[in-house]
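Here is the structure we will look at.
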Amino acid sequence: MTALRWYGGIALVVFGIVPTVMLALLVSGGHTPSSVGWLLIGGIPLVGAAAVFAVRGMVDANPETASRRLHLSMALVAGADLLMLGGNALIRMGAN
């Protein structure tokens with residue numbers, strides 16, 4: 001269970017927070033179509049909710065509840081990545 005807690009936190013940072021910041025920087029710098037910015041409206045709350053569930057899972061004493069919260073956190077990160085990065089790719093393909 002200890003390894004899942006550490007890997008869950010690392011995965012949140014690598015697959016959740018870093019892509020969100022990178023996409024936000026692309027939008028603010030004008031290096032991507034402006035409609036990609038609308039994807040951040042849905043993606044940022046998903047990553048925020050994933051962070052809350054990850055932290056709650058890391059500090060929970062009950063291993064079953066902690067595991068459930070960490071798995072939910074990773075599912076939310078996957079959904080946010082699908083929305084933001086997949087939507088970015090589709091919008092860029094449609095713009096060309």
Side-chain angles (χ1 to χ4, degrees):
M1 187 65 210
T2 304
L4 179 63
R5 292 175 195 230
W6 282 103
Y7 292 140
I10 292 169
L12 174 70
V13 171
V14 171
F15 297 114
I17 295 172
V18 171
T20 304
V21 170
M22 288 172 39
L23 189 61
L25 289 173
L26 280 173
V27 170
S28 67
H31 302 291
T32 188
S34 61
S35 57
V36 174
W38 292 101
L39 298 173
L40 291 171
I41 293 173
I44 290 174
L46 285 174
V47 172
V52 169
F53 279 112
V55 169
R56 289 182 68 190
M58 286 179 190
V59 298
D60 199 355
N62 185 1
E64 185 177 328
T65 308
S67 173
R68 194 173 328 125
R69 286 182 178 155
L70 288 169
H71 283 106
L72 177 60
S73 171
M74 293 304 102
L76 288 171
V77 167
D81 280 347
L82 179 67
L83 174 69
M84 291 186 300
L85 301 178
N88 182 23
L90 289 175
I91 290 172
R92 283 177 176 249
M93 284 190 291
N96 289 336

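Given the structure is predicted, the values throughout are model-derived calculations rather than measurements.
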Can you name the nearest heavy-atom pair linking [X] to [Y], along with the distance?
X     : Y     : answer
Ala24 : Leu40 : CA-CD1, 3.8 Å
Val77 : Ala50 : CG2-CB, 3.6 Å
Gly43 : Ala80 : O-CB, 3.9 Å
Ala11 : Met74 : CB-SD, 3.6 Å
Ala54 : Leu12 : CB-CD2, 4.0 Å

Quick check for you: to the nearest 0.5 Å, what is the distance between [X] atom [atom1] and [Y] atom [atom2]?
X     : Y     : atom1 : atom2 : answer
Asp60 : Arg5  : CG    : CZ    : 7.0 Å
Leu39 : Ile44 : CG    : CD1   : 10.5 Å
His71 : Phe53 : NE2   : CZ    : 14.5 Å
Leu46 : Ile41 : CG    : CD1   : 12.5 Å

Spell out, yes or no, whether [X] and [Y] are grouped together once hydrophobic residues are joined by side-chain heavy atoms under 4.5 Å, including indirect joins.
X     : Y     : answer
Leu26 : Leu82 : no
Leu85 : Val47 : no
Phe15 : Val55 : no
Leu83 : Leu25 : yes

Task: Residues in side chain to side chain contact (heavy atoms under 4.5 Å, CB included) contact with Pro33, at least two apart in sequence or another chain - done: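 In terms of side chain to side chain contact (heavy atoms under 4.5 Å, CB included), with neighbours along the sequence ignored, Pro33 is linked to Ser35, Val36, Ile91, Arg92, Ala95.
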
Open item on the list: Set out, in order, the CA-CA distance, both residues' side-chain angles and the distance that settles side chain to side chain contact (heavy atoms under 4.5 Å, CB included) for Met93 and Leu90, then state yes or no.
Closed with: CA-CA 5 Å; Met93 284 190 291; Leu90 289 175; 3.6 Å; yes

Task: N/O donor-acceptor pair under 3.5 Å between Thr20 side chain and Gly16 backbone - done: yes

Task: Minimum side-chain heavy-atom gap Leu72-Arg68 below 4.5 Å - done: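 Side-chain contact under 4.5 Å: no.
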
